[in-house]
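Start at 1 and go down the list; that is how both ligands and their atoms are numbered.
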Amino acid sequence: MAIQRTFSIIKPDATKRNLTGEIAAKFEAAGLRIVASKRIQLSLAQAQTFYGVHKERPFFDELCEFMISEPIVVQVLEGEDAIAKNREVMGATNPAEAAEGTIRKEYALSIGENSVHGSDAPETAAEEIAFFFSGLELVG
Ligand code: DAT
Ligand code: MG
């Protein structure tokens, strides 16, 4: 498997509880290099665009309100098989189903307030990285 880049968000529930460093340490311990990182606060329109694929889902409004409730940390992670590796480190969407040692098992509060986002495929990773970062901000 080749070196890939994936897009990550440390979500409001985690930034609010000062977990940014602990979560970033888990990415690094898994062999993922943080090649871009910034703390931002999304507007409602940005959150709705980012999660547009979920706009028909019953939790969409709640999800967008949550994502704008506090600052977030957006990052680009690079490494061997980075998309799948990051999803593995994150754990299942629902923390009740997440494996031991995963970020969501350790830190997530609920299925909605689940501490991290990670891209699910090469196409979405490329789109999500381009939504938040310019090429100049990616320092491999
Ligand atoms: P993931 O973040 O694991 O890729 P997803 O893409 O299916 O999961 O959903 C995006 C986010 O939407 C998820 O991280 C939290 C929220 N969400 C998903 N299912 C939910 C549900 N049943 N109730 C509340 N929020 C939900
Ligand atoms: Mg997803």
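Taking every heavy atom of Gly112 and a limit of under 4.0 angstrom, the matching atoms of ligand 1 come to 25 (N).
Note on ligand 1: Lys11 sits in its first shell, one or more heavy atoms being nearer than 4.0 Å.
Given atom 23 (N) of ligand 1, the protein heavy atom at minimum distance is Ile111 CG2, 3.6 Å. From the protein, the heavy atom lying nearest to atom 9 (O) of ligand 1 is His54 NE2, 3.5 Å. In terms of protein heavy atoms, atom 17 (N) of ligand 1 is closest to Phe59 CE1, 3.5 Å. Nearest to atom 1 (P) of ligand 1 among the protein's heavy atoms is Thr93 OG1, 3.6 Å. Scanning the protein heavy atoms around atom 4 (O) of ligand 1, the nearest turns out to be Arg87 NH1, 2.9 Å. Taking atom 13 (C) of ligand 1 as the reference point, the nearest protein heavy-atom neighbour is Asn114 ND2, 3.7 Å. In this structure, the protein non-hydrogen atom closest to atom 2 (O) of ligand 1 is Arg104 NH2, 3.0 Å.
Checked by atom type, the side-chain pair Ser37/Gln75 shows a donor-acceptor distance below 3.5 Å.
Contact record, Val116 with Arg104: O-NH2, 2.8 Å, taken as the closest heavy-atom pair. Counting all heavy atoms, side chain and backbone alike, His117 lies closest to Tyr51 at ND1-OH, 3.7 Å.
Around CZ of Arg87, the count of heavy atoms belonging to other residues, nucleotides or ligands within 6.0 Å exceeds 12. For NZ of Lys38, the number of neighbouring non-hydrogen atoms (other residues, nucleotides, ligands) closer than 6.0 Å is greater than 12.
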- Given Gln46 and Ser43, is the side chain to side chain donor-acceptor pair (under 3.5 Å) satisfied, shown in steps? CA-CA 5 Å; Gln46 287 167 332; Ser43 68; 3.3 Å; yes
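Cluster membership check: Ile72 shares its hydrophobic cluster with Val35, using side-chain heavy-atom separations under 4.5 Å among Ile, Leu, Val, Met, Phe, Trp and Tyr.
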